[in-house]
Amino acid sequence: MIVRKYLRPAVAVFWLLFLPVDGKTQVKQKPAATGSMPSRKTAAADTELARLRADVIQRMKESRASAQKLLVLHQEEQARLKIEYQRHREFYSRELISRLELNQVERALAEATARVEEDQRWLAESDIAIIEATMRDELLRLPRLALGGYSENGALRRFNGGASWSLVDAPKIEKFFAQMFGRALPVSAFG
């Protein structure tokens, strides 16, 4: 579908725009020296990045609104085909139409139902992406959690684990998982 065609590039752009500027997601950052001022270049880049993030979020919301309209159209089509299918079943039971004609309407109804389900899945994925994008900024405003720290509010639960983590430690975890469960660690464990 057209929606699927644009979803992957949109997600890729989303992740590129929302990764930290320096790309050091796993490296512990050293505190800035006292008295140091951010350069004008950095401030301009941060402003541009914030503008681009806001633009991406706005486009995601517009895309979601369009998908919602499409869902309504597909649901109307599905409802129309359900009525038509019931009518054709009645005609078939009276032997007024052939099984082939009934099958055609049944197939059209199945396709319409699949379109509605696909639209609903896409909307759910879109909602998640929008929430993740907006929550990123909220997360950055929150104070840093200490090692083993936990905080909770109405929208967010945070836990900072009991130890420092790096991808360098992944083989240890993979080995432990394989010994414990007798199978390889799922790829999704890496995020």
Side-chain angles (χ1 to χ4, degrees), residues 3-4 6-65 67-68 71 117-191:
V3 171
R4 213 181 256 173
Y6 294 105
L7 181 60
R8 285 194 177 120
V11 169
V13 167
F14 166 77
W15 286 116
L16 286 173
L17 289 175
F18 290 97
L19 285 175
V21 176
D22 60 4
K24 297 179 180 177
T25 58
Q26 294 291 326
V27 176
K28 199 177 222 180
Q29 304 234 342
K30 295 179 183 175
T34 53
S36 67
M37 299 279 294
S39 70
R40 288 185 186 175
K41 261 187 172 178
T42 304
D46 289 345
T47 303
E48 178 66 11
L49 186 60
R51 186 190 67 73
L52 289 172
R53 284 186 181 130
D55 187 44
V56 166
I57 291 170
Q58 181 60 36
R59 289 179 192 265
M60 290 168 71
K61 288 178 179 178
E62 291 169 0
S63 175
R64 190 209 181 283
Q68 183 67 43
L71 174 63
E117 290 170 357
E118 180 70 25
D119 290 348
Q120 290 169 336
R121 275 191 300 277
W122 194 88
L123 284 171
E125 290 173 6
S126 180
D127 288 340
I128 290 168
I130 291 169
I131 289 169
E132 286 177 350
T134 55
M135 288 299 291
R136 178 200 181 275
D137 294 333
E138 185 176 325
L139 253 176
L140 290 175
R141 283 192 292 270
L142 294 173
R144 198 175 175 111
L145 282 179
L147 195 60
Y150 177 82
S151 75
E152 183 175 345
N153 65 26
L156 181 65
R157 291 182 187 165
R158 295 174 29 192
F159 176 66
N160 199 25
S164 296
W165 164 252
S166 172
L167 281 176
V168 174
D169 300 324
K172 295 178 201 172
I173 294 171
E174 286 178 300
K175 182 179 177 184
F176 171 79
F177 188 90
Q179 289 173 344
M180 191 69 160
F181 300 104
R183 59 186 172 90
L185 185 67
V187 173
S188 63
F190 291 103

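Atom NZ in Lys175 sits 13.5 Å away from atom CD1 in Ile173 (nearest 0.5 Å). Once rounded to the nearest 0.5 Å, the distance linking CD of Glu125 with CD of Gln120 reads 12.5 Å. Separating the CG atom in Leu185 from the CE atom in Met180 is a distance of 13.5 Å, to the nearest 0.5 Å. Of the inter-residue distances, the one linking Arg141 atom CZ with Arg136 atom CZ reads 10.5 Å to the nearest 0.5 angstrom. Interatomic distance, Ile131 CD1 to Ile57 CD1, rounded to the nearest 0.5 Å: 11.5 Å. Remark: Asp127 CG to Arg64 CZ distance equals 4.0 Å, nearest 0.5 Å.
Judged purely by atom type and a 3.5 angstrom limit, Thr47 uses its side chain to pair as donor or acceptor with the backbone of Ala43.
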Show me the donor-acceptor pairs, under 3.5 Å and distance only, between side chains in residues 154-161 and residues at least two apart or in other chains.
from	atom 1	to	atom 2	distance (Å)
Arg157	NE	Glu152	OE2	3.4
Arg158	NH1	Pro143	O	3.4
Arg158	NH2	Pro143	O	2.8
Asn160	ND2	Leu145	O	3.0
Asn160	ND2	Ala146	O	3.3

- request: Under the side-chain contact (heavy atoms from CB on, under 4.5 Å) rule, what do Gln68 and Leu71 come out as? Steps first, then yes or no, please.
  value: CA-CA 5 Å; Gln68 183 67 43; Leu71 174 63; 4.0 Å; yes
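Residues passing the salt bridge (Lys or Arg N to Asp or Glu O under 4.0 Å) test with Arg51 are Glu48, sequence neighbours excluded.
Between Glu118 and Arg121, at least one side-chain N (NZ, or NE/NH1/NH2) sits under 4.0 Å from a carboxylate O, which counts as a salt bridge.
Residue Trp122 comes nearest to Ala67 through the heavy atom pair CZ3-CB, 3.3 Å, listed as atom of the first residue, atom of the second, then distance.
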